[in-house]
Amino acid sequence: MKNGDHLFLVDGSGFIFRAFHAIPPLNRKSDGLPVNAVSGFCNMLWKLLTDARDTSVGVTPTHFAVIFDYSSKTFRNELYDLYKANRSAPPEDLIPQFGLIRHATRAFNLPCIEKEGFEADDLIATYTRLAEQAGASVTIISSDKDLMQLVTPNVSMYDSMKDKQISIPEVIEKWGVPPEKMIDLQAMTGDSTDNVPGIPGIGPKTAAQLLEEYGDLDTLLARAGEIKQAKRRENIIANADLARLSRQLVTLRTDTPLDVPLEDFQLEPQDGPRLVAFLKAMEFTTLTRRVAAATDTDADAVEPATVPVEWGADARGPDLDKASAAPGPSSTGDAAPAGEGVSTGEAGEATPEALAQSRAALFASAAIDHARYVAIRDVATLDAWIADARDAGLVAFDTETTSLDAMQAELVGFSLALADYAKDPAGTVIRAAYVPLIHKTGVGDLLGGGHAENQIPVRDALSRLKVLLEDPSVLKVAQNLKYDYLIMKRHGITVKGFDDTMLMSYVVDAGNGTHGMDALSERWLGHKPIAYKDMTGSGKSSVTFDYVDIDRATAYAAEDADVTLRLWHVLKPRLAAKGLVRVYERLERPLVPVLAHMEERGITIDRQILSRLSGELAQGAAALEDEIYKLAGETFTVGSPKQLGDILFGKMGLPGGSKTKTGQWSTSAQVLEDLAAEGHELPRKIVDWRQMTKLKSTYTDALPGFVHPDTKRVHTSYALAATTTGRLSSSDPNLQNIPVRTAEGRKIRTAFIATPGHKLVSADYSQIELRVLAHVADIPQLRQAFADGVDIHAMTASEMFGVPVEGMPSEIRRRAKAINFGIIYGISAFGLANQLSIERSEASDYIKKYFERFPGIRDYMENTKAFAREHGYVETIFGRRAHYPDIRSSIPSHRAFNERASINAPIQGSAADIIRRAMVKIEPALSEAKLSARMLLQVHDELIFEVEDAEVERTIPIVVSVMENAAMPALDMRVPLKVDARAAMNWDEAH
DNA sequence: GTCCGACCGTA
DNA sequence: TTACGGTCGGACG
């Protein structure tokens with residue numbers, strides 16, 4: 001580079017964010033890929049380059065480069081832990097565009113520059129000063145104020161979106177100081193978006209005024225005592241150190257080590273076909289035409305480029321045709337190219353599948369070495385481990401506590417595990433440590449023991465741990481992180497930057513066994529970990545973990561962290577190999593904090609209501625018992641189906657209905673109802689007694705026992721990885737099966753109440769599974785009915801039986817409704833006959849008629865079964881897999897069961913995916929709207945919020961809109977989603 | 001103490 | 001006919 005040359009540096013990362021927010025959403029037509037920032041970027045570059053080659057325009061670059069941020073962790077994090085710590089994850093629609101814009105840069109035949117550990121700004125600063133020293137002039141394409149410190153007579157900036165030049169006068173006009181004072185000004189004002197602290201109470205105007213008066217920051221700090229305004233004086237004196245730190249943070253480095261010399265930025269001629277190929281792949285028709293014309297390229301002769309799309313870290317594009325049509329043999333989805341998720345070092349592995357397999361083989365035979373476990377009992381050692389973890393950027397983490405209930409558990413210690421990649425790049429050499437915190441001495445001692453010696457004080461250990469866990473640039477790997485997340489949250493630590501091996505396994509293997517650590521360890525590592533019970537004992541003689549001897553606890557806890565880290569090394573590439581990174585990153589991982597927060601909030605119940613109900617139910621059941629004994633002629637255990645069966649079908653000689661699978665006469669409600677309908681008195685009483693005792697034992701008696709002693713609320717626990725289909729489950733207590741169908745049962749719902757000054761808001765999807773079915777099977781009548789908002793069951797009846805919807809008998813509609821549900825469940829004549837209490841032949845006729853009217857449904861069901869048989873799994877519309885390994889069973893009933901389940905899974909699972917997406921989006925949407933509503937519960941198609949009275953009206957439309965649009969933008973459904981929402985004092989009235 | 005089957009609450 | 005979790009009785013050790 002020489003005197004008179006002109007260097008253009010594009011701040012690529014800055015442009016991406018700005019373009020994304022400034023340019024309206026734009027999606028690639030063929031598949032919905034968001035491309036608005038890519039489009040803005042390409043148009044901007046094209047204009048700059050066109051002008052550059054037009055010598056009649058004043059500024060003509062001789063050198064050109066686009067600079068990007070490499071990662072979020074830079075040397076600034078060493079200076080200040082919290083630097084950029086408040087940055088939230090980029091919007092979903094922006095994520096795939098990061099990679100695309102780098103591809104675009106290369107397609108433009110321009111250098112694409114980034115360097116690990118440095119921000120784009122530092123690279124820009126370094127190149128700028130180098131070019132300046134060589135006598136060249138520089139134009140930085142950016143409007144970021146952080147870069148204004150670089151402006152000199154030879155260096156200016158250009159805001160391409162506003163077509164505005166920024167030179168020395170513009171900086172002074174905007175900030176009141178010349179560029180060389182921008183550093184001091186920023187040091188004083190701070191920057192909330194980057195979390196640069198600055199001096200509180202000092203804004204740009206005051207800062208400029210002070211700099212005018214004192215010249216620079218050091219002088220100001222030295223002479224701060226002279227400031228007249230008392231408040232301002234105190235603030236500056238008290239925060240002098242913060243200001244100095246801030247100055248370090250905002251000062252751009254001009255000594256960044258460079259991989260690419262300036263000379264390589266020499267502007268090359270445009271490669272027309274290459275650029276056209278990229279633009280065609282993006283489907284930017286106008287720009288394609290323009291570029292083709294300007295570069296003399298025959299656009300029709302150019303094939304669109306293959307541009308890998310990285311949705312998150314996944315390389316698999318959103319193949320919507322496949323995702324939305326009935327799954328067929330053609331869609332294997334397994335042949336995805338490598339994504340970032342596997343770029344952990346093994347350059348020799350050609351494909352993700354090969355890497356996943358070699359990793360699995362490696363870890364299956366790698367020995368677990370307990371000699372590499374230590375107990376950490378002093379702060380210096382802990383600091384060293386944490387420093388190593390931060391250097392490595394990857395650490396397994398696990399907590400040991402006194403309870404399985406994360407809301408009540410007491411933290412006893414924690415463990416860390418690190419891979420030594422120098423010893424083995426694949427990660428099989430692992431060291432692990434346990435940090436005991438509150439272990440006691442004297443197990444078995446009746447008085448309990450005293451505090452064991454040489455344990456780091458909890459406060460000291462947690463303050464160290466906080467730095468590690470809250471650093472998003474260090475990946476924390478945990479098994480069932482939601483538990484540890486809650487434990488740490490209760491200690492004021494919010495884990496950021498994590499992977500969860502349980503969820504990774506769930507995404508890869510839902511339906512193939514369980515996903516607990518012991519099972520995964522045996523499955524993938526061939527290693528049976530030390531059992532928890534071996535530490536604490538079980539039953540009456542068990543102790544809590546704080547009474548376990550520290551040496552033994554270390555062996556157990558360190559092994560858990562070790563195993564977790566090993567599992568991560570196996571499962572991460574497996575995720576990529578199967579093209580499931582996107583499912584994991586968008587439908588599983590983000591739900592961890594969301595669910596943890598819901599569990600932490602809990603919900604208030606009115607114990608008085610429940611206790612009154614308990615009394616009423618006890619009285620009612622006792623009265624019924626007396627009558628039952630009278631009718632039976634003896635006393636017996638009413639709750640024993642065996643004894644009841646003997647009375648009803650033995651002693652009293654009533655006709656038995658069905659048998660249970662163990663051969664006993666069934667006493668199910670259905671059987672008893674049938675007997676009651678024939679005029680028998682006893683069965684009716686049994687049914688009533690069962691309902692009362694069920695409500696009492698499962699709900700009114702049990703729920704008060706779950707009220708948390710401190711919060712006075714009930715905190716359920718959601719399982720993310722328990723179901724085959726992708727639904728959540730709830731336990732301890734299960735709040736997803738609170739009664740609603742009977743009037744008696746609904747009384748229990750009135751005990752779920754809002755805190756004073758608030759309302760409960762319930763928002764539920766209307767007919768979401770039938771809508772999903774209409775979408776995936778693409779049934780014209782169903783789509784039309786949902787588009788028109790008509791009664792779907794009545795429409796079905798009308799289609800099937802030719803009865804007009806107006807004045808339709810309720811029995812006809814009821815049957816159609818049962819059929820609709822049956823379809824979702826993978827209908828059989830046997831099941832439908834049972835449900836409707838009709839003959840199997842009649843049910844069979846119904847099904848036949850249904851399929852005649854809706855042949856697309858039969859096609860969908862047949863295709864799904866065939867897909868499941870071929871692949872052993874089925875997929876939801878978002879690509880989640882549910883495995884049915886027994887679908888090829890030689891036992892016909894097993895096979896049929898698996899076929900029905902695999903027909904149901906894409907429907908139930910897609911609905912589950914949709915509400916998961918809504919749950920991830922809802923908290924940001926509420927805070928964006930400055931609303932304080934708190935999501936408390938999820939019941940499969942319903943979300944329950946606690947909302948301040950004054951905010952109810954503004955909250956409901958936001959919740960409804962997020963839920964109704966939850967499939968977007970990943971998927972544009974062919975059927976609208978409908979959500980009903982209501983507010984009330986209790987759950988019964990809100991629902 | 002632990003497990004399993006029957007039953008029943010929800011979507 | 002799908003997906004769950006909780007309670008109970010009863011059998012096992």
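Reminder, nothing fancy here: chain letters follow the sequence lines and each chain counts from 1.
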Item to complete: Have a look at A:Ala719 and say if it touches a base, only the backbone sugar-phosphate, or nothing, with a 4.0 Å heavy-atom cut-off.
Response: nothing
Worksheet item: Is A:Arg741 touching bases, backbone alone, or none of the nucleic acid, heavy atoms closer than 4.0 Å?
Response: base
Practice prompt. With the side chain of A:Ser666 defined as its heavy atoms from C-beta on, choose the nearest nucleotide among B:dA6, B:dC7, B:dA11.
Written response: B:dC7
Discussion item. Regarding A:Arg900, tell me which of base, sugar-phosphate or nothing describes its non-hydrogen contacts under 4.0 Å with the strands shown.
Written reply: sugar-phosphate
Worksheet item: A:Phe897 near the nucleic acid: base, sugar-phosphate alone, or nothing, with a heavy-atom cut-off under 4.0 Å?
Response: sugar-phosphate
Item to complete: Among A:Ile647, A:Leu624, A:Ile628, A:Thr693, find the residue that satisfies the side chain to side chain contact (heavy atoms under 4.5 Å, CB included) test when tested with A:Val638.
Response: A:Ile628
Item to complete: Consider the side chain of A:Ser538, meaning its heavy atoms from C-beta on, and name the nucleotide among B:dA11, B:dT2, C:dT7 that approaches it most closely.
Response: B:dT2
Practice prompt. Identify whether any heavy atom of A:Ala669 sits under 4.0 Å from a base atom; if not, whether one sits that close to sugar-phosphate; answer base, sugar-phosphate or nothing.
Written response: sugar-phosphate
Worksheet item: Hey, does A:Phe821 reach any base, or is it just sugar-phosphate, or nothing, if we go heavy atoms under 4.0 Å?
Response: nothing
Practice prompt. Pick base, sugar-phosphate or nothing for A:Gln664, based on heavy-atom distances below 4.0 Å to the nucleic acid.
Written response: nothing
Practice prompt. Determine the contact category for A:Ser730: base if any of its heavy atoms lies under 4.0 Å from a base atom, sugar-phosphate if only primed atoms, P, OP1 or OP2 are that close, otherwise nothing.
Written response: sugar-phosphate
Item to complete: Name the nucleic acid region contacted by A:Gly639, choosing base, sugar-phosphate or nothing; use a 4.0 angstrom heavy-atom cut-off, strictly under.
Response: sugar-phosphate
Item to complete: Give one of base, sugar-phosphate or nothing for A:Ile824, where a contact means two heavy atoms less than 4.0 Å apart.
Response: nothing
Discussion item. It should be established whether A:Gln736 places a side-chain nitrogen or oxygen under 4.0 Å from OP1 or OP2 of nucleotide C:dA3.
Written reply: no
